[in-house]
Asks: 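One structure coming up, written as structure tokens, with questions to follow.
Counting starts at 1 for both ligands and their atoms, following the listed order. Here the structure is a predicted model, which means the values were calculated and not measured. Any value given below was found using the heavy atoms of this structure, including those in side chains, with hydrogens, waters and symmetry copies removed.
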Amino acid sequence: MPTPNASAPVRLVVMQGDGIGPEISAATLDVLAALDRVLPLNFAFEEVPIGLAALKTLGTTMPEESYAKAKAADGVILGPVSHHDYPPAAQGGINPSGNLRKRLDLFANIRPARSRPGFPPRCGKPVDLVIVRENTEGFYADRSMHLGIGEFMPTPDLALSIRKITRAGSTRIAEAAFRLALRRRHKVTAVHKGNVLHVTEGLFLECVRAVAKRYPQVAYEERIVDAMAALLVRDAGVFDVIVTTNMFGDILSDEASEISGSLGLAESLNAGADHAVAQAQHGSAPDIAGKGIANPASLIGSAGMLLGWLGERRNDTALSQAATLIARALDEVIAVPEWRTPDLGGPLGTRAFGARVAATLQELAGK
Ligand code: ATP
């Protein structure tokens, strides 16, 4: 087993979140602690309050100090939040997820959906795709404006939402998708609703097509979002990288993850030029919160993505190795029916699953 060296600490801020957040965060930290024992990573964790727990003690679900610590850290691990249970912003209810995406300019939400060895995907064919979702504009009216919000009610019987699409936002997310495709199977599918939203989707597609021209080695196609919902069910295996706007990406990624196995496996990274936040694709799952049965693979895998992102930026092989080890350990554990969590039909609880992943990656590192 390699002996960890002393190196500059990797400062990770942990925000547990609401619902199943504390449970899956604890399992994720168990896995990261195990990694730290076998690789020269030198993690320094700092847990900061957010969500309903912070509202009770500090009067807000997103304390400024927690934000400042997230901004100063090397990376953030964010548990899911029950933001639709929060009070209005004036009473302290701020969605930490939207807040971080906006203020840290985390424009790319990278959402893989991958079937695992030994666990049959629901579409009957192997799935290995990544949804590259624009993360700062689109129909997310609660956070897409510089000042104020993009939703309003001119009269009690009329409600309006503004959908924001920019050339810069569309171009940078397309660039992220094509760069990713170069490292994968060289195919990008742009998903849109240009037949109805002529102006906004028109601009989005114009930008993606311009980027596609710069990547002649990548096959490019377009699909309308409603057809795409059906095509994923029919055979999600034919897609490689999917690029789309904010809300379509949110919806399709839940579908793709469930088809590939379970929402409990759905990892994701919110990434910008300078910051990244590991966050599972799913919500706070209040229906199973506190029962110790949530699948933490989603957040463990997201933490792995964060380490991979950091490893690449810093050209740090230990961090990149850590990301690979997490992915391999997750695959090995999920392949064994007795080691699965209940969402995959298995018997293990959240913490026991985390412990199993930790033990497996220690074994893999020792080989
Ligand atoms: P929220 O209110 O925070 O959006 P939700 O229940 O509406 O929560 P999700 O949290 O995304 O939405 O959950 C959708 C379904 O998937 C629920 O039945 C939930 O229990 C299940 N689920 C989500 N995450 C997990 C997980 N990590 N492990 C097991 N089941 C999960």
Asks: Using the side-chain contact (heavy atoms from CB on, under 4.5 Å) criterion, which residues pair with Thr136? Sequence neighbours excluded.
Replies: Asp105, Phe107, Glu134, Arg172
Asks: side-chain hydrogen bond (donor to acceptor under 3.5 Å, both in side chains): which pairs involve residues 243-255, sequence neighbours left out?
Replies: Arg111-Asp250, Arg111-Ser253, Arg133-Asn246, Tyr140-Asp250, Arg163-Thr245
Asks: Do Gln281 and Ser257 meet the criterion of a side-chain donor-acceptor pair at a distance under 3.5 Å?
Replies: yes
Asks: Under a 4.0 Å N-O cut-off, is there an ion pair linking Arg116 with Asp331?
Replies: yes
Asks: With a 4.0 angstrom cut-off on heavy atoms, strictly below it, pick out the residues next to ligand 1 and order them by chain and number.
Replies: Ile20, Val81, His84, Leu263, Gly264, His282, Gly283, Ser284, Ala285, Pro286, Asp287, Ile288, Ala294, Asn295, Asp343
Asks: Report yes or no: is the cationic atom of Arg214 (NZ for Lys, CZ for Arg) closer than 6.0 Å to the six-membered ring centre of Phe178, at no more than 45° off its axis?
Replies: no
Asks: Give every residue pair that meets the side-chain hydrogen bond (donor to acceptor under 3.5 Å, both in side chains) criterion with at least one member in residues 19-28, sequence neighbours excluded.
Replies: none
